[in-house]
Amino acid sequence: MIAIIDYGAGNLFSVKNALDFLQKESTITEDVQEIRKADAMILPGVGAFPDAMCMLKEKGLDKVICEEAQRKPLLGICLGMQMLFETSYEFKETKGLGLLEGSVVPIDGGGLKIPHMGWNNLTILNPCKMTEGLKEDAYVYFVHSFRAETKDENISCYTMYNEKIPALVHKGFVYGAQFHPEKSGSVGLGLLERFADLAKIQEEER
């Protein structure tokens, strides 16, 4: 069972629909005990970082996410990925979940249109479970104005938009996709399926 965490903001139903299409068991929930019982977690997100972190804390979900991420897979999507990091500078300096080292900063488009919106290709830097079977230069769908700034060792895939933008990050049980896998066609569905397989492995090991 994959818990899609509902904290009041996020692309919840499109993620749920993608998992349903893949015939992967999931539930949209804000219930702490249900999240603890799940085999994996997905943290979606659209909107502003400070507001999203405030909503997570108000529901007491920040602590359970950090605790459960030590023992089972977690996937942050778009803003959900950015929230995995230590700090964001969107509007004001705001603390994140601190599951990954690094910060969230504005994209330097170098004259390119911001937000970075549309299809862009992935370059694999450090392969991980989610990149297994992923073809080099696969295209996925992005919508964002801020990017993660982190060590290369945390970056599984990146894309270029005037500068290097971490697209898929990974450390331990924690994964983050800056792009929207649920909107990225067969490539995105493949990535979600591999994440769901991690949940299945976790379930079998329990």
Side-chain angles (χ1 to χ4, degrees), residues 1-31 34-35 38-49 51-56 59 61-62 64-65 68-69 72-85 88 90 96-97 104 107 114-122 129-131 133-134 138-148 156-157 159 161 165-170 174-200:
M1 170 65 76
I2 300 172
I4 303 169
I5 298 172
D6 180 7
Y7 55 96
N11 211 19
L12 300 170
F13 293 101
S14 57
V15 174
K16 179 75 167 71
N17 289 340
L19 291 171
D20 287 348
F21 177 81
L22 293 168
Q23 298 183 322
K24 305 297 182 182
E25 190 178 5
S26 66
T27 184
I28 295 172
T29 184
E30 60 178 290
D31 183 83
E34 199 165 21
I35 293 169
D39 304 300
M41 304 174 288
I42 292 181
L43 180 65
V46 292
F49 191 107
D51 293 341
M53 281 304 304
C54 183
M55 287 187 283
L56 265 188
K59 292 178 179 288
L61 295 173
D62 54 331
V64 69
I65 290 169
E68 294 300 303
K72 63 191 178 193
L74 165 65
L75 172 62
I77 296 175
C78 197
L79 175 60
M81 170 193 139
Q82 295 176 0
M83 292 162 70
L84 302 176
F85 288 91
S88 171
E90 183 176 0
L97 294 170
V104 177
I107 296 171
I114 301 296
H116 171 214
M117 178 163 33
W119 296 83
N120 211 339
N121 65 316
L122 297 176
K129 290 289 185 182
M130 281 187 66
T131 63
L134 182 68
Y139 276 75
V140 292
Y141 188 78
F142 292 86
V143 185
H144 64 121
S145 300
F146 289 76
R147 65 166 180 86
S156 295
C157 298
T159 194
Y161 196 71
I165 293 176
L168 184 69
V169 294
H170 165 238
V174 179
Y175 296 81
Q178 180 60 75
F179 55 93
H180 286 274
E182 76 281 5
K183 296 181 179 180
S184 297
S186 60
V187 172
L189 287 174
L191 287 160
L192 283 175
E193 186 156 35
R194 285 188 285 280
F195 179 76
D197 288 342
L198 293 174
K200 186 177 180 181

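Because the structure is a prediction, the values reported are computed rather than measured. Heavy atoms only: backbone and side chains are in, while hydrogens, waters and symmetry mates are out.
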Of all the heavy-atom pairs spanning [X] and [Y], show the shortest one and how long it is.
X: Pro73; Y: Phe195; value: CB-CE1, 3.6 Å
X: Lys72; Y: Ala38; value: NZ-O, 2.8 Å
X: Tyr161; Y: Pro115; value: OH-O, 4.5 Å
X: Ala18; Y: Glu182; value: CB-CB, 4.0 Å
X: Gly96; Y: Phe49; value: CA-CZ, 3.7 Å

For Asn120, side-chain hydrogen bond (donor to acceptor under 3.5 Å, both in side chains) partners two or more places apart
His116, Thr159
For Ser14, which residues count as a side-chain hydrogen bond (donor to acceptor under 3.5 Å, both in side chains) partner, sequence neighbours excluded?
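So Ser14 forms a side-chain hydrogen bond (donor to acceptor under 3.5 Å, both in side chains) with Asn11.
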Is there a side-chain contact between [X] and [Y] (heavy atoms, below 4.5 Å)?
X: Leu43; Y: Tyr7; result: yes
X: Glu34; Y: Thr27; result: yes
X: Ser26; Y: Asp20; result: yes
X: Val174; Y: Met81; result: no
X: Leu192; Y: Leu75; result: yes
X: Phe146; Y: Leu79; result: no
X: Pro181; Y: Ile77; result: yes
X: Cys78; Y: Gln178; result: yes

Return the set of residues passing salt bridge (charged side-chain N to carboxylate O under 4.0 Å, His left out) with Lys183 (not counting sequence neighbours), or none when no residue passes.
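Salt bridge (charged side-chain N to carboxylate O under 4.0 Å, His left out) list for Lys183, sorted by chain: empty.
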Would you please test Met83 and Ile65 for side chain to side chain contact (heavy atoms under 4.5 Å, CB included) and show each step?
CA-CA 11 Å; Met83 292 162 70; Ile65 290 169; over 6 Å; no
Are Asp197 and Lys24 ion-paired here, with the side-chain N under 4.0 Å from a carboxylate O?
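Salt bridge: yes.
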Indicate yes or no for a side-chain donor-acceptor contact from Asp39 to the backbone of Met1 under 3.5 Å, with no hydrogens or angles considered.
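Indeed, once roles are kept as given, a pair shorter than 3.5 Å links the two residues.
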Can you tell me how far the [atom1] atom of [X] sits from the [atom2] atom of [Y], to the nearest 0.5 Å?
X: Met41; Y: Tyr175; atom1: CE; atom2: OH; value: 12.5 Å
X: Leu19; Y: Ile28; atom1: CG; atom2: CD1; value: 9.5 Å
X: Ile42; Y: Asp6; atom1: CD1; atom2: CG; value: 13.5 Å
X: Leu122; Y: Leu134; atom1: CG; atom2: CG; value: 6.0 Å
X: Trp119; Y: Ser184; atom1: CH2; atom2: OG; value: 5.0 Å
X: His170; Y: Leu84; atom1: NE2; atom2: CG; value: 12.0 Å

For Ile2 and Glu25, run side chain to side chain contact (heavy atoms under 4.5 Å, CB included): C-alpha distance rounded to whole Å, both residues' side-chain angles, the deciding distance at 0.1 Å, then the answer.
CA-CA 6 Å; Ile2 300 172; Glu25 190 178 5; over 6 Å; no
Hey, can you tell me if Phe179 and Phe142 have their rings parallel, tilted or perpendicular (30° and 60° cut-offs)?
perpendicular
Start with the C-alpha gap between Thr29 and Ile4, add the side-chain angles, then the distance that decides, and say whether side chain to side chain contact (heavy atoms under 4.5 Å, CB included) holds.
CA-CA 6 Å; Thr29 184; Ile4 303 169; over 6 Å; no
Passes side chain to side chain contact (heavy atoms under 4.5 Å, CB included), Glu90 versus Val104? Steps please.
CA-CA 7 Å; Glu90 183 176 0; Val104 177; 5.6 Å; no
